[in-house]
Amino acid sequence: MTNTPMRRMPQNFERRLMIALRSYAAEVPVDTDALAIARATTAIVRGRRRPWFEAVARWPRGVRIATVAALVIAAGMIGLLIVGALRDREPTIVGPLAPPAALEGRWLAIAEIPGAVGAENTFHVDFGGDVLLKDWVGQPLAWAGRSVEIRPTEVPDRWILRVEAPAPCGPGTYRVGVIEGFVQFSVIEDSCPDRVALLEFSAWTRPGFGYLVPGETYEMTGFSEPFALIGPRGTIEGGLPALQLQDDPSLVRLSGFPEDWNATFMDDRPVYEDACARTTLLPDVPATPGEVGDWLRGMPSARVAEPVEVPVDGRMALLYHVDDSRCPDGDRLTDGHAIDVYLTDLVYAIPTGDDTILFLVSLPSYNPEEIEQVATDLVGSIDFR
Amino acid sequence: MSGTVGTAVLDRADVERAARGDEVAFARLVALHNAEMLRIAQVILGDAGLAQDAVQSAWVTAWRKLGSVRDPGLVRPWLVAVAANEARATGRRQRRVSVTEIDVETPDAPSADPAWAIPRLDLVRALAKLTPDDRALLALRYVAGFEAGELERVSHLSPSATRTRLSRLTARLREELER
């Protein structure tokens with residue numbers, strides 16, 4: 001036994017607490033079917049990663065066999081073409097390819113790289129670029145090569161993509177589809193496992209959500225006065241949060257990594273007069289930052305500190321630190337939206353021409369100062385359009 | 001608990017196989033660790049159904065990230081931490097719905113020495129007043145038996161800050177439960 005406080009023999013109360021907690025913990029039923037849990041788990045992950053695969057698995061057996069045979073023949077022919085091409089020459093990188101209109105521009109995805117955090121997991125694909133893949137700060141991943149051919153198939157919005165890269169990655173062939181606004185890759189043939197892992201890991205979408213990237217501009221067009229945000233350059237444990245656009249464009253949620261904190265931009269919607277009591281709805285967020293303070297101070301369960309001024313694009317926003325822990329039954333601010341909006345630790349009231357946008361930030365118990373700084377930087381970066 | 005050398009060796013082999021996609025090896029990991037993960041989630045969430053949902057989510061995370069476990073022989077604290085994190089996240093969402101839904105009908109568990117034991121109902125009430133993060137800290141320390149270094153990785157606090165926070169927590173609970 002060492003002398004560190006954590007290893008000492010528990011004192012009387014601690015021992016009683018330990019026994020009581022273990023007894024309480026043991027109340028949960030644990031007679032679970034491990035194989036069933038394992039299968040459910042792998043099915044969930046497969047479902048998230050490869051919706052095409054799951055869809056194909058539901059096809060009739062004959063169709064599946066015919067498709068597989070066609071794919072094998074196609075892969076063989078492509079393989080022969082690639083081998084033939086490689087026999088004569090090293091892969092040459094020629095001018096950028098002009099992709100079909102539906103694939104033009106930059107696509108973004110969040111992969112999961114061991115050891116990487118937050119935005120470091122973000123990658124970009126550009127079918128017409130000098131390289132196919134770039135990392136989160138725009139560094140080209142030259143090893144993954146570039147697209148050299150995008151061939152339409154008989155199915156609308158589906159293409160065959162051929163990629164060439166220097167050794168050791170070499171060539172690869174993928175089926176590419178645009179499905180409900182997302183690009184999905186499905187490997188036909190590729191001996192470069194890192195490229196396969198990156199391209200197939202998740203669906204690719206247009207930049208605008210995903211982890212914030214320092215210095216990158218994000219346009220918020222659904223607010224009463226549209227504005228742009230810039231990804232803060234400050235450091236933060238876990239990296240910058242992910243931006244999640246909702247169906248309602250005047251409601252934007254940021255989720256911190258690892259899902260321990262969140263923040264919401266909110267505009268033009270009814271809010272409860274008292275988030276704790278939730279009996280009376282106000283028609284809109286109070287019209288000025290000062291009135292937001294009056295509204296918050298009018299909630300008996302909330303303790304509100306003196307506001308802090310935050311300059312925003314030539315105007316002055318106010319930051320209110322709120323302690324709402326005395327609210328015994330939740331503290332929801334709004335009703336009837338795709339995501340819940342709550343009274344939180346930090347309330348930024350940002351003035352627009354004739355209204356106020358709220359930015360509500362819930363802080364985790366760790367590094368709250370860092371996260372407050374990032375939130376303040378984000379608000380300070382607002383540029384009204 | 002699976003802290004023995006034999007279990008660690010079993011874990012190592014299963015983690016390596018599961019990380020390569022072996023579903024049966026993954027099921028063995030589930031069989032070994034699911035119960036402890038559930039108990040941790042139960043303390044954090046106070047609801048068996050929510051605990052089971054959180055632990056299922058934890059297994060999804062585990063399946064996807066097993067390859068990143070630095071020492072496959074030490075998968076147990078990693079899995080417990082993943083379960084605690086999922087339960088904390090669930091707890092925060094749930095706290096927004098209601099913090100008063102406590103099962104007050106369940107009688108106190110029998111104890112060898114009722115005068116010495118902390119009554120279950122008092123414990124549940126006291127836990128309900130804590131944040132999910134604080135309940136996670138208590139569960140990891142007193143149910144999973146985590147030491148300072150292991151707690152540090154989960155709580156994102158330094159060992160000394162972890163000790164301070166735990167000390168304040170136990171002092172607060174002592175005041176609450178012994179008055």
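This is a predicted model, so every value here is computed, not measured. Every chain is numbered from 1 and lettered A, B, ... according to where its sequence line falls, protein lines coming before strand lines. Every heavy atom of this structure was used, including side-chain atoms; hydrogens, water molecules and symmetry mates were not.
With sequence neighbours excluded, the residues forming a side-chain contact (heavy atoms from CB on, under 4.5 Å) with B:Ala84 are B:Ile40, B:Ile44, B:Leu140, listed by chain and number.
No donor-acceptor distance shorter than 3.5 angstrom exists from the side chain of B:Arg39 to the backbone of A:Arg22, with no hydrogens or angles considered.
At a threshold of 4.5 Å between non-hydrogen side-chain atoms, the residues B:Leu123 and A:Leu17 count as touching. Counting only heavy atoms from C-beta outward, the side chains of B:Val143 and A:Tyr24 never approach each other to under 4.5 Å. Looking only at side-chain heavy atoms (C-beta outward), A:Thr41 and B:Val30 stay at 4.5 Å or farther from each other. Between A:Phe13 and B:Ile118 the shortest side-chain heavy-atom distance falls below 4.5 Å.
Heavy-atom pairs under 4.5 Å with chain A were tallied for B:Asp47, B:Leu138, B:Val55, B:Leu173; the largest tally goes to B:Leu173.
One finds the CH2 atom of B:Trp63 at 14.0 Å from the CD1 atom of A:Ile37 (value rounded to the nearest 0.5 Å).
Minimum interatomic distance between B:Gln56 and A:Ala40 (heavy atoms only, all atoms of both residues): OE1-CB, 4.0 Å. For A:Pro29 against B:Leu38, the heavy-atom pair with the smallest separation is O-CD1, 3.6 Å.
Neither side chain, B:Thr170 nor A:Glu14, offers a donor N or O lying under 3.5 Å from an acceptor on the other.
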